[in-house]
Amino acid sequence: MCKGLAALPATCLKSAKDMKHRLGFLLQKSDSCDYSSSQGKKEKISSSQRLSQEEVRKWADSLENLIHHERGLAAFRAFLKSEYSEENIEFWVSCEEYKKTKSPAKLSPKARKIYDEFISVQATKEVNLDSCTREKTSHNMLEPTLSCFDEAQRKIFTLMEKDSYRRFLKSPYYLDLVSPPGAGCGPENCKRNHTHSLDCNSNIISQCA
């Protein structure tokens with residue numbers, strides 16, 4: 001023992017040891033609580049990510065059901081990305097978020113960002129709009145409101161509904177979720193391309209969600 005500690009009274013040394021013991025116990029308890037908390041969070045996340053067959057089947061009822069479901073939107077986005085046409089769903093999502101803007105001062109910069117990204121002639125992710133809708137949307141940029149993209153958003157929704165949505169329902173991105181492997185090999189299942197398994201699609205959805 002060093003001279004400094006030896007010079008201290010025995011009561012002080014005992015108090016120091018007791019404090020060290022208590023501190024060690026509290027740290028161990030804290031680690032245990034943190035572990036239990038993290039385990040509980042993981043269990044909640046795991047349960048929240050479960051997808052029922054009933055939910056997946058509802059996606060086939062309408063495009064609205066599909067893209068208003070968080071996991072459905074992620075699956076559809078992954079499918080469109082595979083077709084190099086994800087700009088359509090990205091534009092739709094941007095319009096939905098734009099309509100939630102509460103501050104009038106933020107309307108103009110947000111509207112301009114969406115317009116420059118998806119609608120303008122130099123747009124990096126230009127969506128397919130007819131000239132009339134494009135011109136009307138351009139005019140709306142003079143005084144942006146919450147509804148300035150409504151018509152353009154409807155046109156893109158209709159485009160997806162008549163085209164890519166129908167292909168999505170026939171693709172492994174949907175079929176492997178609505179009829180997981182092992183569900184049997186009926187005529188429809190046998191025609192399916194099994195390169196995308198249920199686990200693969202689940203991973204894709206989790207990454208995109």
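Atom set for the values below is all heavy atoms of this structure, side chains included, hydrogens, waters and symmetry mates excluded. A quick note: this is a predicted structure, and the numbers were derived from the prediction, not measured.
Taking the salt bridge (Lys or Arg N to Asp or Glu O under 4.0 Å) definition, one finds that E96 meets it with K99, sequence neighbours left out. The ring pair (Phe, Tyr, Trp, His ring centres under 6.0 Å) check on Y98 picks up F149, with sequence neighbours excluded. Partners of F91 according to the ring pair (Phe, Tyr, Trp, His ring centres under 6.0 Å) rule, which considers only residues two or more places apart in sequence or in another chain, are F118. Remark: D61 engages no residue in a salt bridge (Lys or Arg N to Asp or Glu O under 4.0 Å) (not counting sequence neighbours). When the salt bridge (Lys or Arg N to Asp or Glu O under 4.0 Å) test is applied to K125, the partners found at least two apart in sequence or on another chain are E90, E117. Remark: D163 pairs with R167 by the side-chain hydrogen bond (donor to acceptor under 3.5 Å, both in side chains) rule, at least two apart or across chains. Here K106 pairs with nothing under the side-chain hydrogen bond (donor to acceptor under 3.5 Å, both in side chains) rule; sequence neighbours left out. By the salt bridge (Lys or Arg N to Asp or Glu O under 4.0 Å) test, E64 is found to be paired with no residue, residues two or more places apart in sequence or in another chain being considered. Judged as a side-chain hydrogen bond (donor to acceptor under 3.5 Å, both in side chains), and not counting sequence neighbours, the contacts of S147 are T145. Applying the side-chain hydrogen bond (donor to acceptor under 3.5 Å, both in side chains) rule to Y115 yields the partners S138; only residues at least two apart in sequence or on another chain are considered. In terms of the side chain to side chain contact (heavy atoms under 4.5 Å, CB included) criterion, residue partners of E54 (sequence neighbours excluded) are, by chain and number, S52, K58. For N140, the side chain to side chain contact (heavy atoms under 4.5 Å, CB included) partners at least two apart in sequence or on another chain are K136, C148.
The closest side-chain heavy-atom distance from E97 to V93 is below 4.5 Å. Using a 4.5 Å heavy-atom threshold, the side chains of M160 and L80 count as touching. Residues L169 and Y165 meet the side-chain proximity criterion, which asks for heavy atoms closer than 4.5 Å. Inter-residue side-chain proximity for L159 and N128 is flagged as met; some heavy-atom pair is nearer than 4.5 Å.
When all heavy atoms of K155 and L129 are compared, the pair lying nearest together is CB-CD2, 3.9 Å. Listed here is the closest heavy atom pair of W59 and N65: CD1-O, 4.0 Å. A152 approaches T137 most closely through the heavy-atom pair CB-OG1, 3.8 Å. Here the closest heavy-atom approach between residue I156 and residue N88 is recorded as CG2-O, 3.6 Å. Closest approach of Y173 and S82 over heavy atoms only: OH-CB, 3.5 Å.
Using a cutoff of 4.0 Å between basic side-chain nitrogens and carboxylate oxygens, D130 and R134 are not scored as salt-bridged.
Relative orientation of the W92 and F157 rings is tilted, given thresholds of 30° and 60° on the angle between their planes.
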